[in-house]
Amino acid sequence: MTWLITGGAGYIGAHVVRAMTAAGERTVVYDDLSTGLAERVPAEVPLVRGSTLDAQRLGRVLAEHRITGVVHLAAKKQVGESMERPLHYYRENVEGLRVLLEAVTEAQVASFVLSSSAAVYGMPDTGLVTEETPCRPLSPYGETKLAGEWLVRATGRATGLATASLRYFNVAGAAGPELADTGVSNLVPMVFERLTEGAAPRIFGDDYPTPDGTCVRDYIHVADLAEAHVTVARALRSAPGADLTFNIGRGEGVSVREMIDRINAVTGYDRPPTVTPRRPGDPARVVASATRIATELGWHAKYDVRDMITSAWEGWIRLHPEAARS
Ligand code: WQD
């Protein structure tokens, strides 16, 4: 099979490309390079610059490279920005996917893996979120991911396309310093940035109904997440007509305060955090039940939170050498 990886020049996509090629799969990257970086794509992997809204270009790429499967990661992913620009998010994430699915159907592609998110669950009122937990997204970003799942599933039902939606929990870490996330919009890089600037890391609220009062999340190493794509892609190959949905997390809740303590320990900074008001819209606890993919496909996460922080830090000091401590 040859897999088209949309968004393959992004932080997560580049890890998926590496994991798929290491597993012997042929890959082609399709990315508009709006946030992706061409240098993240291995030299031997063809990189086509284009938008998922460009039906003609997509049709050409699918035909020219004889694409038989698609892993679709190209999307906008900032929750806050999606509140300010909902139509932009619907256009990029929903209309872009609709156009892509039309091209995929036309080209008779066999398998489709969608990058979805725990954001589809919104504010779950359960200890462990299963794939059956009701989806009530709280942001246009989460809505576009849920609508994307519907589009993919409906297309599968109508055409026989084998589909899977992977709901990522909180992704962190890097498989190499050059592959690290360059954005500063999630907890780990935001804490790195504060430490580097000589400022105290911030905890957005410590009055949540959790053991230490700070929000609890399920952090997953991006290399484990990438391996999950390989496992799912292979499962689809032998399951025409499949309609799969999996949480991709570790099933372990870690609080913001625990994360900041561990970041301080790994980086050698010893900077106590400061507590600021809650960030609007943050659920107290979002932790995956990761048993479905383990039971059905045998995938398990291998890396822990320390591995995530250590590898993310190596990437951070590559870009910010002044941050390094002896
Ligand atoms: C984690 C926790 C913050 C920074 C979002 C999306 C999700 C996915 C991942 C895209 C929260 C707290 C953070 C800081 C803090 N996105 N925090 N101080 O909000 O769980 O998930 O990103 O695909 O869909 O919703 O992730 O990393 O922003 O925050 O206290 O300086 O850390 O309040 O509780 P979040 P996050």
Side-chain angles (χ1 to χ4, degrees), residues 7 10-13 15-16 35 72-83 89 92-93 114-124 129 135-146 148-149 165-173 181 183-197 199-222 225 247-250 252-264 269 271-288 305 308-309 312 316:
Y11 160 56
I12 297 174
H15 283 88
V16 172
T35 52
H72 177 52
L73 299 110
K76 298 285 149 201
K77 63 168 188 178
Q78 306 282 347
V79 173
E81 185 186 50
S82 80
M83 308 266 198
Y89 272 65
E92 294 286 327
N93 294 3
L114 175 71
S115 160
S116 185
S117 167
V120 299
Y121 295 115
M123 193 122 12
V129 179
C135 292
R136 298 191 191 103
L138 289 170
S139 64
Y141 168 72
E143 291 164 9
T144 65
K145 287 292 167 180
L146 185 55
E149 292 192 10
S165 295
L166 306 187
R167 296 175 175 164
Y168 310 164
F169 282 63
N170 288 63
V171 185
D181 191 3
V184 190
S185 48
N186 292 111
L187 174 64
V188 173
M190 284 169 79
V191 172
F192 288 169
E193 183 172 66
R194 299 282 295 180
L195 294 174
T196 305
E197 288 169 350
R202 287 171 303 174
I203 293 178
F204 297 151
D206 68 350
D207 57 351
Y208 286 93
T210 59
D212 68 13
T214 70
C215 290
V216 172
R217 295 288 182 273
D218 188 350
Y219 295 88
I220 173 87
H221 196 298
V222 66
L225 174 67
N247 286 342
I248 313 292
R250 294 165 63 251
E252 184 190 304
V254 182
S255 78
V256 172
R257 192 177 281 282
E258 286 167 342
M259 283 299 282
I260 293 176
D261 286 350
R262 291 186 202 197
I263 293 170
N264 264 316
Y269 282 80
R271 190 105 204 193
T274 168
V275 178
T276 66
R278 288 185 179 196
R279 191 173 67 175
D282 275 335
R285 176 186 163 91
V286 188
V287 180
V305 161
M308 296 175 217
I309 296 171
W316 181 266

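Order of listing sets the numbers, starting from 1, for every ligand and every atom in it.
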Kindly identify the option in [options] whose heavy atom sits closest to [atom].
atom                    : options                        : result
atom 36 (P) of ligand 1 : Thr214, Thr274, Asn186         : Asn186
atom 32 (O) of ligand 1 : Val256, Thr276, Asp282         : Val256
atom 19 (O) of ligand 1 : Arg285, Arg279, Arg217, Arg202 : Arg279
atom 23 (O) of ligand 1 : Tyr121, Tyr141, Phe204, Phe192 : Tyr141

Per-atom contacts, ligand 1 versus [X] - under 4.0 Å to a heavy atom:
X      : value
Ser185 : 28 (O)
Met190 : 4 (C), 31 (O)
Ala119 : 24 (O)
Lys77  : 10 (C)
Ile203 : 30 (O)

N/O separation below 3.5 Å, Val79 to ligand 1: no

To check your reading of the model: name the closest protein heavy atom to [atom], its residue, and the distance in Å.
atom                    : answer
atom 27 (O) of ligand 1 : Leu187 N, 2.7 Å
atom 1 (C) of ligand 1  : Tyr219 OH, 3.8 Å
atom 34 (O) of ligand 1 : Cys215 CB, 3.0 Å
atom 7 (C) of ligand 1  : Ser117 OG, 4.2 Å

For ligand 1, the portion of Asn170 having any non-hydrogen atom under 4.0 Å away: side chain

Listed partners of Arg279 passing side-chain contact (heavy atoms from CB on, under 4.5 Å), at least two apart: Phe204, Asp282

Taking every non-hydrogen atom, the tightest pair across Glu149 and Ser116: OE2-OG, 2.6 Å

Quiz item: cation-pi between Arg285 and Tyr208, 6.0 Å / 45°: no

Plane angle bin for Tyr121 and Phe169 - parallel if under 30°, tilted between 30 and 60°, otherwise perpendicular: tilted

Non-hydrogen side-chain atoms of Lys145 and Pro137 separated by less than 4.5 Å: no

Any Arg250 side-chain heavy atom under 4.5 Å of Val305 side chain: yes

Backbone N/O of Ala288 and side chain of Asn247: donor-acceptor pair under 3.5 Å: no

Option among Val254, Val287, Asn186 that satisfies the side-chain contact (heavy atoms from CB on, under 4.5 Å) test with Tyr219: Val254

Interatomic distance, Arg257 atom CZ to Cys215 atom SG [nearest 0.5 angstrom]: 12.0 Å

Residues in salt bridge (charged side-chain N to carboxylate O under 4.0 Å, His left out) contact with Glu193, at least two apart in sequence or another chain: none

